[in-house]
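Predicted, not measured: the structure shown is a model, and the values here were computed from it. Counting starts at 1 for both ligands and their atoms, following the listed order.
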Amino acid sequence: AKPTLAVVGATGAVGTVMLEILSSRPDVWGEIRLIASARSAGRRLRVRGEEVEVVALAPEAFDGVDVAMFDVPDEVSAEWAPIAVSRGAVAVDNSGAFRMDPQVPLVVPECNPRQVAERPKGIIANPNCTTLSMMAALGALHREYGLRELVVASYQAVSGMGVSGPERLYDEIEAVAGNRTLGTVAGDVRKAVPDLVGSPFPAPLAFNVVPMAGSLKEDGWFSEELKVRNESRKILGIPDLKVSATCVRVPVVTTHSLAVHATFAEPVTVAQARAVLDAAPTVVVLDDPANGVFPTPADVVGTDPTYVGRIRQALDFPNTLDMFVCGDNLRKGAALNTAEIAELVAAELTA
Ligand code: 2RA
């Protein structure tokens, strides 16, 4: 029989995209059970062309479930993924709760698919969308040239913060629309947007960029920046990879971008890098700037590949490439990668 899948957090930003993805991929699942907080229980959502009633998160909700995907806050995953496992499910978790646990694999199918089977806790973690948005491309280059150092600046979309991000950005843009003098005097945008109290952004994002993503940790680093470092090392299996990241929120609804400065053990030309990336099945090279060809979030949102453009050999750094990478943070950055991991587990369970 086909395995039973539970989607926990079915009504959230990633959960919504997950239902679209499950409706369009080859169908490996028997029952798909939708689980959410008690507040959302009873809602009916469409998946695979059928309406399915959302059930409340409870231990019994996992009975008979083979694979349970979690798209919920860290503390909810920390509590409930082990409960799902105790009821017999394999948990695929998209929160930060287990990513750095040495007994939990952190999987990107393009980089380390076999680690899906190494799950002593019955839990497999899905990376943070910022790291994940560049992993297919970096994994392919690492296999050929040996990645040694990674310096990135992110340009992160607001849907990475959940549904409150786009809601606030649309409100701010409505508030500033049509005012053709805004952005010319310090503080004018701050006055024009709705009160920041209650905003998910720490500063206005309309006509602005904000160099804060996630929460503030030690020594001035934000959690998103530390995730890029820790998770890149774990996924690529390079514990001593040198990484430095600056994560910035930009007024984009969906699709994260990264300016990547990557140093390799071996020399690598632009032509060689293009050939490697072209051969990577889930990477698309868009790199002909003379003809206006380069990736932008607005042009790739809603699609699955990792897009790479502006590939250059760094002028002053040996063995180093600079490039610009875009990936839909809700698809490959979250729901799609989780679905791909779950499908690897399903294949194993039905083998
Ligand atoms: C963000 N990477 O963009 C985070 C979401 N997990 O906020």
Side-chain angles (χ1 to χ4, degrees), residues 8-9 11-18 21 69-78 81 92-100 104 106-108 124-136 138 150 152-170 172 199-203 205 208-217 221-235 243 245-260 297-298 300-302 306 325-339 341:
V8 187
T11 56
V14 175
T16 303
V17 173
M18 181 64 83
I21 285 176
M69 300 168 164
F70 286 80
D71 284 303
V72 294
D74 294 0
E75 61 282 6
V76 180
S77 282
V92 184
D93 181 42
N94 189 29
S95 83
F98 300 100
R99 287 183 188 137
M100 296 317 297
V104 174
L106 182 63
V107 174
V108 179
I124 302 161
N126 191 69
N128 184 39
C129 46
T130 314
T131 311
L132 196 38
S133 296
M134 61 182 169
M135 272 303 113
L138 284 180
L150 184 59
V152 303
S154 74
Y155 305 75
Q156 292 182 222
V158 296
S159 60
M161 308 169 79
V163 286
S164 65
E167 278 171 9
R168 171 75 193 189
L169 181 60
Y170 288 124
E172 288 193 4
S199 169
F201 315 142
L205 202 55
N208 211 7
V209 296
V210 178
M212 284 180 57
S215 52
L216 185 58
K217 302 292 182 195
W221 293 99
F222 275 84
S223 56
E224 289 286 302
E225 295 158 348
L226 299 176
K227 286 177 187 181
V228 168
R229 178 170 182 255
N230 296 335
E231 296 181 19
S232 297
R233 289 174 163 187
K234 183 167 175 177
I235 296 160
V243 185
T246 301
C247 289
V248 180
R249 197 72 64 181
V250 296
V252 166
V253 175
T254 296
T255 294
H256 286 352
S257 306
L258 298 123
V260 175
V300 307
V301 60
T306 298
V325 180
C326 291
D328 186 316
N329 54 299
L330 298 179
R331 293 183 73 88
K332 183 62 187 175
L336 175 63
N337 200 72
T338 305
I341 295 171

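Of the N and O atoms on the side chains of Asn329 and Thr254, not one donor lies less than 3.5 Å from an acceptor on the other residue.
Here the rule is side-chain hydrogen bond (donor to acceptor under 3.5 Å, both in side chains) with Glu224, and of Thr246, Thr130, Thr131 only Thr130 fits it.
Evaluation of the side-chain hydrogen bond (donor to acceptor under 3.5 Å, both in side chains) rule for Thr306 yields no partner, not counting sequence neighbours. In terms of the ring-ring contact (aromatic ring centres under 6.0 Å, His included) criterion, residue partners of Tyr155 (sequence neighbours excluded) are, by chain and number, Phe324. By the side-chain hydrogen bond (donor to acceptor under 3.5 Å, both in side chains) test, Lys234 pairs with no residue at all, sequence neighbours left out.
Of the charged side-chain nitrogens involved, none lies within less than 4.0 Å of a carboxylate oxygen, so that Glu225 and Arg229 do not count as a salt-bridged pair.
Around ligand 1, the residues contributing at least one heavy atom under 4.0 Å from the ligand are Asn128, Cys129, Thr130, Gln156, Gly160, Met161, Glu224, Arg249, His256.
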